[in-house]
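One structure below.
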Amino acid sequence: MTQVHDIRKMFFEEGKNISEIARETKRDRKTIRFYLEKDDWNQAIPAAETAASYPKLTPYKTEIDFWLMEDKKAKHKQRHTAKRVYDRLVDKYQSEFDCSYRTVAGYVAMKKKEIFGKKQAGRLPLEHIPGEAQLDFGSADFYENGTIYSGKYLNLSFPYSNQGYTQLFKGENQECLFEGMKTIFEHIGGVPTRIWFDNTSTIVTKVMKNGERNLTSDFIRFMEHYRFEAAFCNVNAGHEKGNVEGKVGYHRRNMLVPIPRFQELKEFNKNLLKQCEQDAARDHYRKEGTIKDLHQQDRQALLELPSAAFEACRYITVRTNGYGRLLLNNGLHEYSVSPKYANCQVLVKVTAFDVTALDESHREIVRHDRLYGDHKQQSMQWLPYLTQLSRFPAALKYTGIYQMLPEPVQHYLNKCSKSDKGKVLAAIASLTTASGFAKAVETVSTALSYEATDVDSLVNLHNRLHSKVLQLEPVKLPAYLPQLDKYIPNLAAYDKGLMRAGEREC
């Protein structure tokens with residue numbers, strides 16, 4: 001990506017033609033033309049076979065990674081080559097090692113790019129002109145569905161007009177950064193020509209002595225997709241982007257006080273953009289005219305939006321545990337997948353809001369709300385587990401999944417006969433699909449109080465508890481109406497007649 005960035009910079013900023021670039025970079029003219037005309041910089045979804053890359057090397061990957069990481073401490077000429085890694089594995093494991101040299105070489109090349117790859121730097125702008133912007137994050141608490149979060153809000157300001165925009169998130173990671181910028185770009189109908197950043201780790205991996213920056217590959221890809229120029233403040237010099245520093249406080253005081261309470265974060269962010277537009281009706285603090293009027297000059301200078309929408313996500317391959325669950329964020333956050341995908345590699349799509357497990361054909365297996373925070377958390381989607389268990393009810397207690405079920409469900413299943421357990425699990429799965437797992441568990445708890453263990457009772461109780469059925473009060477009869485004696489019919493005559501059923505008349 002760094003080489004591609006240099007090629008595009010030579011053409012679009014330095015004015016060099018394709019022939020000049022080809023001579024300097026020693027690249028083919030067709031290759032250069034391809035990167036100059038490219039307008040879709042979305043990350044390609046890995047092919048299905050890469051989800052379990054180099055599976056035969058799995059028992060040895062930890063050891064190979066350790067050797068290569070140790071190479072960072074060694075001189076360049078004393079680092080491992082792929083041949084040396086292969087020879088060491090053969091010497092150590094002998095006949096047990098059945099991987100080819102080509103397999104080892106492919107993995108070592110991929111790993112070396114991760115460990116020793118270089119990134120590109122940006123530069124600091126000197127003046128503010130229409131169309132340029134500054135970006136920074138602030139911290140603010142909020143309540144979503146009654147749960148409090150210590151969140152972060154992205155702020156993008158235009159110093160020329162003093163127009164600002166903000167978006168609220170549960171974190172300050174790469175996905176939140178890209179999602180917030182993308183949403184604001186699409187809202188204003190264009191892209192700032194230059195954006196100033198601080199040296200956040202989501203963008204900058206290292207600040208060099210000469211002032212240049214090593215940038216993350218994903219940020220370079222995002223920058224090339226939208227074609228803006230990135231500029232950076234000096235280290236510990238946030239005041240160099242003072243306009244957005246002021247906007248961080250302004251947005252908090254005027255849009256995030258008192259602590260916001262809402263049901264859906266995405267909807268709240270839409271309202272924030274509306275508030276930002278309404279706020280622009282006030283006069284500029286120094287220039288003649290309103291912020292809204294001055295911002296029109298900003299918008300006229302914006303770059304066009306790319307034809308292809310950017311996916312603000314990352315794809316990672318993760319190995320599930322024996323229960324079909326995967327771990328993210330250094331093992332703190334656990335997400336369910338399905339019993340079918342226990343102890344295997346799955347492709348995971350991570351966005352600012354969701355974590356989605358994908359199958360071999362990149363189809364969605366299950367989607368979770370993304371967890372945030374530096375403490376252990378778990379997100380369970382029970383439907384795949386219930387569906388799988390309903391097919392093999394006899395193996396329920398031997399799967400380990402039984403102990404994961406809520407206590408009311410375990411107790412209810414213990415009361416069911418062997419022949420009914422599969423039907424009951426299928427019914428609970430159906431109720432989960434209709435109303436969610438929490439309401440299905442509530443139905444099971446109510447059924448226990450009635451000692452009703454049949455499927456029909458379970459379904460009827462769920463409809464009564466969670467369907468929108470009009471509940472009528474019992475009819476009260478007036479006191480002046482006479483009380484009638486209870487009538488008990490004598491059905492003996494019917495029994496006698498039924499006993500003679502089928503007799504032929506003589």
Side-chain angles (χ1 to χ4, degrees), residues 133-159 161-188 195-198 200 202 238-239 241-286 290-295 298 312 329 332-333 351-355 368-379 436 438-439:
Q134 299 178 357
L135 184 142
D136 201 3
F137 274 93
S139 301
D141 293 342
F142 62 89
Y143 288 90
E144 184 182 36
N145 286 323
T147 301
I148 190 169
Y149 294 93
S150 296
K152 299 287 185 177
Y153 59 105
L154 178 145
N155 303 269
L156 186 76
S157 71
F158 290 83
S161 63
N162 200 32
Q163 173 71 62
Y165 296 96
T166 186
Q167 292 285 274
L168 185 61
F169 296 98
K170 295 178 181 176
E172 191 182 344
N173 52 46
Q174 175 180 283
E175 293 75 47
C176 294
L177 173 67
F178 291 171
E179 181 67 33
M181 294 176 70
K182 171 189 172 182
T183 301
I184 294 173
F185 293 166
E186 291 175 353
H187 175 75
I188 62 179
I195 306 176
W196 307 344
F197 301 87
D198 56 20
T200 175
T202 55
H239 61 275
K241 52 181 179 60
N243 184 266
V244 74
E245 294 285 341
K247 274 289 182 287
V248 170
Y250 183 85
H251 286 152
R252 183 193 303 113
R253 293 188 300 271
N254 292 275
M255 300 178 188
L256 302 174
V257 175
I259 298 177
R261 295 174 181 267
F262 47 81
Q263 297 297 314
E264 173 62 43
L265 179 56
K266 292 181 181 179
E267 289 300 317
F268 181 75
N269 275 333
K270 291 179 182 178
N271 291 329
L272 280 179
L273 293 176
K274 293 178 182 178
Q275 291 184 55
C276 291
E277 296 293 359
Q278 294 167 0
D279 179 72
R282 58 192 173 93
D283 290 335
H284 191 278
Y285 67 95
R286 181 170 55 84
T290 64
I291 293 174
K292 180 178 180 180
D293 292 338
L294 292 168
H295 188 50
D298 281 319
N329 194 24
L332 291 177
H333 299 160
T351 72
F353 305 108
D354 306 309
V355 171
H368 297 265
D369 290 338
R370 185 172 178 178
L371 300 173
Y372 284 87
D374 295 328
H375 58 283
K376 287 189 175 182
Q377 300 176 69
Q378 183 185 84
S379 177
K439 290 184 178 180

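Quantities reported herein were computed from a predicted structural model and do not represent experimental measurements.
Scanning all heavy atoms of the two residues, the minimum distance from Gly171 to Lys152 falls at O-CB, 3.5 Å. The nearest pair of heavy atoms linking Leu256 to Ala140 is CD1-CB, 3.8 Å. Across all non-hydrogen atoms, the minimal contact from His333 to Gly373 is NE2-O, 2.8 Å. Between Cys276 and Gln163, the shortest heavy-atom contact is O-NE2, 3.4 Å. Smallest separation of non-hydrogen atoms from Arg370 and Ala352: CD-O, 4.0 Å. Nearest heavy-atom pair, Gln134 versus Pro159, reported as atom, atom and distance to 0.1 Å: NE2-CG, 3.5 Å.
More than 12 heavy atoms of other residues, nucleotides or ligands sit less than 6.0 Å from atom CG of Asn145. The 12-atom threshold is exceeded at CG of Asn271, counting heavy atoms of other residues, nucleotides or ligands nearer than 6.0 Å.
Inter-residue side-chain proximity for Tyr372 and Asn173 is flagged as met; some heavy-atom pair is nearer than 4.5 Å. Using a 4.5 Å cut-off on side-chain heavy atoms (C-beta onward), Thr183 and Glu179 make contact. The side-chain heavy atoms of Leu273 and Glu277, taken from C-beta on, include no pair separated by under 4.5 Å. Between His251 and Tyr165, the closest side-chain pair of non-hydrogen atoms is not below 4.5 Å. At a threshold of 4.5 Å between non-hydrogen side-chain atoms, the residues Asp198 and Asp136 count as touching.
Asn155 contributes atom CG, which lies 9.5 Å from atom CD of Glu245 (distance to the nearest 0.5 angstrom). The distance from the CG atom of Leu168 to the CE atom of Met255 is 12.5 Å, given to the nearest 0.5 Å. How far CG of Asp279 is from CD1 of Ile291: 6.0 Å, rounded to the nearest 0.5 Å. Taken to the nearest 0.5 Å, the OG1 atom of Thr147 stands 10.0 Å off from the CZ atom of Phe142. Interatomic distance, CG of Leu177 versus CZ of Phe169, reported as 8.5 Å (0.5 Å rounding).
Ring-plane geometry between Phe268 and Phe262 is classed as parallel, the angle between the planes falling under 30 degrees on a 0 to 90 degree scale with a further cut at 60.
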Query raised in the report: Asn329 and Gln377: side chain to side chain contact (heavy atoms under 4.5 Å, CB included), yes or no, with the steps?
Result: CA-CA 10 Å; Asn329 194 24; Gln377 300 176 69; over 6 Å; no
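Judged purely by atom type and a 3.5 angstrom limit, Glu144 uses its side chain to pair as donor or acceptor with the backbone of Leu265. Formation of a donor-acceptor pair under 3.5 Å by the Gln167 side chain with backbone atoms of Leu154 is not found in this model.
Considering Leu135, Leu156, Thr166 in turn, Leu156 is the only one that fulfils the side chain to side chain contact (heavy atoms under 4.5 Å, CB included) rule with Ile184.
Applying the side-chain hydrogen bond (donor to acceptor under 3.5 Å, both in side chains) test to residues at least two apart or on different chains, the pairs with a partner in residues 252-266 are Tyr153-Arg252.
Legend: residues meeting side-chain hydrogen bond (donor to acceptor under 3.5 Å, both in side chains) with Lys270, ordered by chain and number and at least two apart, are Glu267. Residues passing the side-chain hydrogen bond (donor to acceptor under 3.5 Å, both in side chains) test with Thr202, sequence neighbours excluded: Thr200.
Judged by the 6.0 Å and 45° rule, Lys247 forms a cation-pi pair with Tyr250.
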